[in-house]
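Side chains included, hydrogens not; waters and symmetry mates left out as well; all remaining heavy atoms used. Note that the numbering runs from 1 along the sequence shown for the chain.
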Amino acid sequence: MKALLYPVLISVFLIPTVAISQNLPQECPVPEGYRIADVKFQGLRQTHPSVVKNALENKKDSAFSCASWRQERDRLRDLDIFANVALTAQTSGDSAFLTYHFRELPPILPLPAVTQTDQDGFSIGPSAVLLNFLGTGSRLDVQAIFGGTTQYQAEISGRQIFGHPGEFDAAWIHVNSYNPYDSANENSERFKTEDFWPLIHSQHFGVIGYAESFQIKLAPDSITYLGTRIPLSLRPGGDWVPRLGAGFRFDTRDRAYLPRSGFFAETRLTENGGFLGGPANFWEELLDVRGYLPLTRRQGLTASGLYQDRYVTDGDLGFYDYFHVGGANTLRGYSENAFEGQNECLLNAEYRFDALEEKVQPLGPWSVNYGVQLVAGVDAVSLWDGQSPIEETFHPAYYGGVDILVPALERIRLEIGSRISRLDFQVDFGLFEKTTIQRYRNR
């Protein structure tokens, strides 16, 4: 029962942000309730019109709604294929003629792939990001990186499923590199998919599904510690771990990317091995909660908690499935692999200030949007191997830095932090929202 206490504490910590969060004021070009006589699109160079139509609430012959316009605008921006979405209108009597204006992001971004993970450190290589694959609004990432790790990855994701609201993500990841945590060379193959299907029209609530096939070989597959041989894998020669999970999501954020207000909560139960096959045999309970509170037009607070608890019998969890924290993606102010354990609880609170509000920069026929935020916050992490995190010590740290807001990556984070117990500054470099990368870090 003690293990169930932390999810409750995290939820109580964040839920107050829901009651006092608010939508920032938005322009509404048409009086409420006017009949929509016609809808037109301008600026769609590559995007298929059906992608936009599937996201609209204000349709022809329906009554115009300002709330629906704000909702559909945020849905379209969350596709991450538009630098800007605007709406103009002409009226005649009680009829409205709507025109949606779009500034598309470049369809292909050939960029250097840069990663900074707690396990492998810095790696770089070529990558191609197709933000609007075949005009469908789906995203295709292909990359190869070298340095701290040798990794090849292909991933496709999107926020529409056969024309319906929903989310899908499917990825293949191959890793061949030295694993300093286990003092062995790792050769692994991972196929995974995660999907979300809303159960209500507002898309605030729905079900999630997760499936993964993970195959790993370690050389050597054991280490000797104090004269005792410790196997790194559950079976000689390598392990295959299938995973299957399901859960629920509740999401009232104004946007999925770079949200300013609202609340997000997701819970999932995942079977690892067991009746699915392979030598592993444990259940994982996951709770991911995030709250966003706007203070002014340029200032805001965020708070988040990630709780992952494994129900394991002795010998049924490989060392490669242990959590490792320290660094930009988990615990700023600490070096990589500062702590490890079978279970983890990661907490964060952060203040954000828009030093440069979002700008849209034309690039020929395309556009890009960018901004700069100053951030300051506190991380706190606990890892444990037993049944109760309450008995473990939280490791707190504070940090501050500069985040560059860009398409495709969300954030480029440059931060300086230190543990609270003593002054020991660490410089951390990271990509994406920390709440995203700490949840889906593969290594």
Side-chain angles (χ1 to χ4, degrees), residues 10 13 112-124 145 147-149 177-181 258 290-293 295 298-308 322-341 344-356 370-384 389 392-406 409-443:
I10 296 171
F13 172 58
V114 181
T115 68
Q116 175 78 25
T117 69
D118 298 341
Q119 174 170 320
D120 297 313
F122 183 80
S123 303
I124 189 170
I145 58 175
T149 179
S177 64
Y178 181 73
N179 183 332
Y181 294 168
L258 304 176
R290 313 166 195 175
Y292 304 86
L293 174 64
L295 301 176
R298 301 181 65 172
Q299 300 180 79
L301 296 175
T302 73
S304 65
L306 176 64
Y307 173 89
Q308 299 189 86
Y322 273 56
F323 292 116
H324 302 266
V325 302
N329 299 329
T330 49
L331 182 58
R332 287 158 286 199
Y334 283 79
S335 60
E336 289 81 4
N337 196 29
F339 309 101
E340 65 178 59
E344 69 175 4
C345 181
L346 282 63
L347 301 177
N348 170 260
E350 183 173 281
Y351 166 80
R352 295 174 174 178
F353 173 75
D354 291 330
L356 176 64
Y370 63 93
V372 177
Q373 283 187 340
L374 303 180
V375 302
V378 178
D379 289 330
V381 169
S382 178
L383 290 93
W384 66 98
E392 300 299 322
T393 302
F394 265 93
H395 307 281
Y398 58 90
Y399 65 91
V402 179
D403 290 3
I404 302 174
L405 314 182
V406 294
L409 297 176
E410 294 183 274
R411 295 176 179 271
I412 301 173
R413 298 181 282 116
L414 181 60
E415 295 148 345
I416 300 175
S418 171
R419 64 188 68 190
I420 291 180
S421 59
R422 62 183 174 87
L423 201 62
D424 182 19
F425 287 113
Q426 301 279 338
V427 178
D428 296 309
F429 171 78
L431 302 175
F432 301 99
E433 287 274 7
K434 179 178 176 287
T435 52
T436 299
I437 200 68
Q438 72 181 11
R439 167 78 177 270
Y440 297 105
R441 65 191 194 271
N442 295 316
R443 297 166 59 71

Evaluate the side-chain hydrogen bond (donor to acceptor under 3.5 Å, both in side chains) criterion for residues Gln373 and Arg411: first the C-alpha distance (whole Å), next the side-chain angles of each, then the deciding distance (0.1 Å), finally the verdict. CA-CA 9 Å; Gln373 283 187 340; Arg411 295 176 179 271; 2.8 Å; yes
So Asn329 and Gln438, side-chain hydrogen bond (donor to acceptor under 3.5 Å, both in side chains) or not? Walk me through it. CA-CA 5 Å; Asn329 299 329; Gln438 72 181 11; over 6 Å; no
Tell me, with the steps shown, if Ile145 and Ile124 meet side-chain contact (heavy atoms from CB on, under 4.5 Å). CA-CA 5 Å; Ile145 58 175; Ile124 189 170; over 6 Å; no
Is there a side-chain contact (heavy atoms from CB on, under 4.5 Å) between Glu415 and Val375 once you walk through the steps? CA-CA 8 Å; Glu415 295 148 345; Val375 302; 4.0 Å; yes
Test side-chain contact (heavy atoms from CB on, under 4.5 Å) applied to Val381 and Phe394, step by step: CA-CA 5 Å; Val381 169; Phe394 265 93; 5.5 Å; no
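Distance check, rounded to the nearest 0.5 Å: CZ of Phe353 to CG of Leu295 gives 11.5 Å. Distance check, rounded to the nearest 0.5 Å: CZ of Arg298 to CG of Leu356 gives 8.0 Å. A distance of 10.5 Å separates CG of Leu331 from CG of Asn348, quoted to the nearest 0.5 Å. Interatomic distance, OH of Tyr334 versus CG of Asp424, reported as 9.0 Å (0.5 Å rounding). Taking CH2 of Trp384 as the reference point, atom CD of Glu344 lies at 8.0 Å (rounded to 0.5 Å). Taking CZ from Phe323 and CG from Leu346, the interatomic distance works out to 9.0 Å, rounded to the nearest 0.5 Å.
Side chain to side chain, Gln426 and Arg419 fail the donor-acceptor criterion of an N or O pair below 3.5 Å.
Taking both residues in full, the closest heavy atoms of Ser418 and Phe425 are given as CB-CD2, 3.8 Å, listed atom of the first, atom of the second, then distance. Of all the heavy atoms in Ala349 and Tyr399, the pair that sits closest is O-OH, 4.1 Å.
With Glu433 as the partner, the salt bridge (Lys or Arg N to Asp or Glu O under 4.0 Å) test is satisfied by one option alone out of Arg352, Arg290, Arg413: Arg352. When Val427, Asp403, Asp428 are each tested for a side-chain contact (heavy atoms from CB on, under 4.5 Å) with Leu414, only one passes: Val427.
With Lys434 contributing its side chain and Thr330 its backbone, the two residues share a donor-acceptor pair below 3.5 Å.
Using a cutoff of 4.0 Å between basic side-chain nitrogens and carboxylate oxygens, Asp379 and Arg332 are scored as salt-bridged.
Side-chain contact check for Leu405 versus Tyr370: every heavy-atom pair is 4.5 Å or farther apart.
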